[in-house]
Amino acid sequence: GQQVMQIPQYQHVQEGEDFTTYCNSSTTLSNIQWYKQRPGGHPVFLIQLVKSGEVKKQKRLTFQFGEAKKNSSLHITATQTTDVGTYFCAGLASGTYKYIFGTGTRLKVLA
Amino acid sequence: DTAVSQTPKYLVTQMGNDKSIKCEQNLGHDTMYWYKQDSKKFLKIMFSYNNKELIINETVPNRFSPKSPDKAHLNLHINSLELGDSAVYFCASSQTRVRGIEAFFGQGTRLTVV
């Protein structure tokens, strides 16, 4: 079945450092979504990417969808303590209605 | 008002018991979901309903039975609870089942089976 892996599983950074999480799917995706889950919280939608090679920015966050539509990345510039949480990608395989969540990357930011 | 609300927030119960988790959304969405998040934070979809019709039914033990009395509600009933059922269960909804629609998650129900 379809699998969506994320690396790294954990990342600790000093406040002000950059952070990147990578998402890789075993199958080609129609689109990909990113969610953030704060500790003790619930996943909250961040963004969706649809087109091959698409890049979108939200303030310090940059999202990219790979040319082959099988991978994606989320880059945070100059992390802040408010960025702490687990970041999930969720991929929609072509021809399905089901989003498969990635394994998640837990980010800790040290002040 | 909370968009997607689940009750209870915490549930501690003994093995073998039967329990239910309720979910309600006031967003007017057509599609609702149940997800299970285990201790390693992996999020797995269990079920999805679209306008009260079951559209996604993952490989889940048949001790788990979802029920959607109307499109604003999706409940999850679990029979004969086992230790391995301990997890956080999230309800979510989206406007339709059409691709490219974001999901709104509830606060989660932390189920602990002892």
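Protein chains get the first letters and strands the later ones, always in sequence-line order, with residue 1 at the start of each.
- More than 12 heavy atoms of other residues, nucleotides or ligands sit less than 6.0 Å from atom CZ of A:R106.
- Contact of B:K40 with chain A is made through the backbone alone, with heavy-atom distances under 4.5 Å.
- When the shell of 6.0 Å around CD of B:Q14 is examined, it contains 12 or fewer heavy atoms from other residues, nucleotides or ligands.
- With A:F101 as the fixed residue, the ring-ring contact (aromatic ring centres under 6.0 Å, His included) test singles out one of B:F90, B:Y33, B:Y35, B:F42: B:Y35.
- Of the atoms belonging to B:L43, heavy atoms from both backbone and side chain fall under 4.5 Å from chain A.
- Within a 6.0 Å radius of NZ in A:K108, no more than 12 heavy atoms belonging to other residues, nucleotides or ligands are found.
- In this structure, A:L46 CG and B:E102 CD are separated by 10.0 Å, a value rounded to the nearest 0.5 Å.
- Annotation for B:K67: atom NZ does not count as buried by contact number, only 12 or fewer foreign heavy atoms lying within 6.0 Å.
- Interatomic distance, A:K98 NZ to B:I55 CD1, rounded to the nearest 0.5 Å: 11.0 Å.
- Per-residue heavy-atom pair counts under 4.5 Å with chain A were compared for B:G106, B:A92, B:S48, and the maximum is reached by B:G106.
- No more than 12 heavy atoms of other residues, nucleotides or ligands sit less than 6.0 Å from atom NZ of B:K22.
- Within 6.0 Å of the NZ atom in B:K44, the count of heavy atoms belonging to other residues, nucleotides or ligands does not exceed 12.
- The OG atom of B:S94 sits 8.5 Å away from the OH atom of A:Y99 when rounded to the nearest 0.5 Å.
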